[in-house]
*Asks:* 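Next up is a structure, given as structure tokens.
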Amino acid sequence: MDEADKQGNDGPEISLIGQIRDKLIGRKQDWSREGRGLTGATAPPAQRLPPGQRLVTDWPVLDLGVQPEVPKAAFRLAIDGAVANPVTLDWDGFMALPQQDSVSDMHCVTTWSRYDNHWRGVSIRTILDLVRPHPEATHVLFESYDDYTTNLRLDQFAAEDCYLVHSWEGKPLTRQHGGPVRVLVPRYYLWKSAKWVRRITFATADRKGFWETRGYNNNADPWAEERYA
Ligand SMILES: Nc1nc2c(c(=O)[nH]1)N[C@H]1C(S)=C(S)[C@@H](COP(=O)(O)O)O[C@H]1N2
Ligand SMILES: [Mo]
């Protein structure tokens, strides 16, 4: 992260807890080459559980081995790029936006799915109304406090079930799961849902993120089993 992005001078510090797990990242890259988890089946979206997925009732934690500790006082979310009204939201500014509840399923490429998660946060529709993307904007890139990145087409992100969430099952999102604020894009594999988000950039061209440059599928539709490129 850039020095300028840190709030180090007069606020609480953002610290990184843990170490980057190079071996784990390398293994996942190997899996993407081998096509691990692929069944060759396809399923219509009418089927709730995507092919090759199994239901879990716990909520596994997946990250690169490093979890940023982002105190609310240090939280900043920049939303910029090809928009009419770029903004940087602090915690109070984010919470002052209209808050909504939603329920959705999660599907992770490592083959677990979890149904009926109760979320609270800000609808992406609200964010789009606020920043007003240029008509030429076609993609978004998310950047996180652990330097993770992931990308989406704007139409994927503008779906009505996409949110910036801060609560799960009535409680603040924990650091493990991306608190204080993470992206939620429930109709795509969960690697598209950036935890600890600090920047959303609208763009007129696609730029691949962390896993997309390491063999994961750019589109990531679970019902089409778009696990790997
Ligand atoms: N910032 C950040 N976001 C991230 C990740 C990450 O390493 N860093 N991992 C992604 C992956 S691969 C998955 S499967 C989900 C896991 O979210 P969870 O730990 O809350 O289950 O977060 C996604 N978002
Ligand atoms: Mo993942």
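The structure displayed is predicted, hence computed values, not measured ones. Just follow the structure's listing: the first ligand is 1, and inside any ligand the first atom is 1.
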*Asks:* What atoms of ligand 1 come closer than 4.0 angstrom to any heavy atom of Ser144?
*Replies:* 1 (N)

*Asks:* What are the two closest heavy atoms between Val66 and Asp63, and how far apart are they?
*Replies:* N-OD1, 4.0 Å

*Asks:* Near Ala194, which atoms of ligand 1 are under 4.0 Å from a heavy atom of that residue?
*Replies:* 3 (N), 24 (N)

*Asks:* Using distance alone, decide if ligand 1 has a nitrogen or oxygen within less than 3.5 Å of any nitrogen or oxygen in Trp59.
*Replies:* yes

*Asks:* Under a 4.0 angstrom heavy-atom cut-off, which atoms of ligand 1 come close to Leu64?
*Replies:* 7 (O)

*Asks:* If the plane angle is over 60° it's perpendicular, under 30° parallel, otherwise tilted; pick one for Tyr216 and Tyr228.
*Replies:* perpendicular

*Asks:* Compute the shortest N/O to N/O distance between Trp196 and ligand 1 and return yes if it is under 3.5 Å, no if not.
*Replies:* no

*Asks:* How far is atom 11 (C) of ligand 1 from its nearest protein heavy atom, and which residue and atom is that?
*Replies:* Trp191 CA, 3.6 Å

*Asks:* Any nitrogen or oxygen of Leu62 lying under 3.5 Å from a nitrogen or oxygen in ligand 1? Just yes or no.
*Replies:* yes

*Asks:* Counting neighbours of CZ on Arg33 that are heavy atoms of other residues, nucleotides or ligands and sit closer than 6.0 Å, is the number greater than 12?
*Replies:* yes

*Asks:* Would you mind checking which non-hydrogen protein atom is closest to atom 6 (C) of ligand 1, with the distance to 0.1 Å?
*Replies:* Tyr148 CD1, 3.5 Å

*Asks:* Closest non-hydrogen protein atom to atom 8 (N) of ligand 1, residue and atom name please, with distance?
*Replies:* Asp146 OD2, 2.7 Å

*Asks:* Say whether Arg182, considering both its backbone and side-chain N or O atoms, lies within less than 3.5 Å of an N or O atom on ligand 1.
*Replies:* yes

*Asks:* Can you find a non-hydrogen atom of Gly178 under 4.0 Å from ligand 1?
*Replies:* no

*Asks:* Please confirm whether Trp112 approaches ligand 1 to less than 4.0 Å, judged on its heavy atoms.
*Replies:* yes

*Asks:* Does the pair Asn217 and Val109 meet the rule for a side chain to side chain contact (heavy atoms under 4.5 Å, CB included), with working shown?
*Replies:* CA-CA 10 Å; Asn217 191 282; Val109 70; over 6 Å; no

*Asks:* Can you classify the ring geometry of Phe157 versus Phe142 as parallel (below 30°), tilted (30 to 60°) or perpendicular (above 60°)?
*Replies:* perpendicular

*Asks:* Would you mind running through ligand 1 and noting each atom that sits below 4.0 Å from a heavy atom of Pro60?
*Replies:* 18 (P), 19 (O), 21 (O)

*Asks:* Test of understanding: clusters of I, L, V, M, F, W, Y form through side-chain heavy atoms closer than 4.5 Å, transitively. Do Ile79 and Val83 belong to the same one?
*Replies:* yes

*Asks:* Less than 4.0 Å is my threshold; does some heavy atom of Trp211 fall inside it relative to ligand 1?
*Replies:* yes

*Asks:* Checking the N or O distance criterion of under 3.5 Å, is ligand 1 in contact with Lys195?
*Replies:* yes

*Asks:* Give the atoms of ligand 1, by number and element, whose distance to some non-hydrogen atom of Ser193 is under 4.0 Å.
*Replies:* 22 (O), 23 (C), 24 (N)

*Asks:* Please determine whether residues Val122 and Leu184 belong to a single hydrophobic cluster, defined as Ile, Leu, Val, Met, Phe, Trp and Tyr linked transitively by side-chain heavy-atom distances below 4.5 Å.
*Replies:* no

*Asks:* Angle class for the Phe94/His166 ring planes (parallel below 30°, perpendicular above 60°, tilted otherwise)?
*Replies:* perpendicular

*Asks:* Would you mind listing which atoms of ligand 1 come within a distance below 4.0 Å of any non-hydrogen atom of Cys108?
*Replies:* 14 (S)

*Asks:* Is Leu190 reachable from Trp119 through a run of I, L, V, M, F, W or Y residues, each pair having side-chain heavy atoms under 4.5 Å apart?
*Replies:* yes

*Asks:* His107 and ring-ring contact (aromatic ring centres under 6.0 Å, His included): which partner among Trp223, Trp191, Trp112?
*Replies:* Trp223

*Asks:* If hydrophobic clusters are built from ILVMFWY residues whose side chains come within less than 4.5 Å, do Val165 and Tyr148 share one?
*Replies:* no

*Asks:* Out of Val109, Thr110, Leu190, Thr149, whose heavy atom sits nearest atom 15 (C) of ligand 1?
*Replies:* Leu190

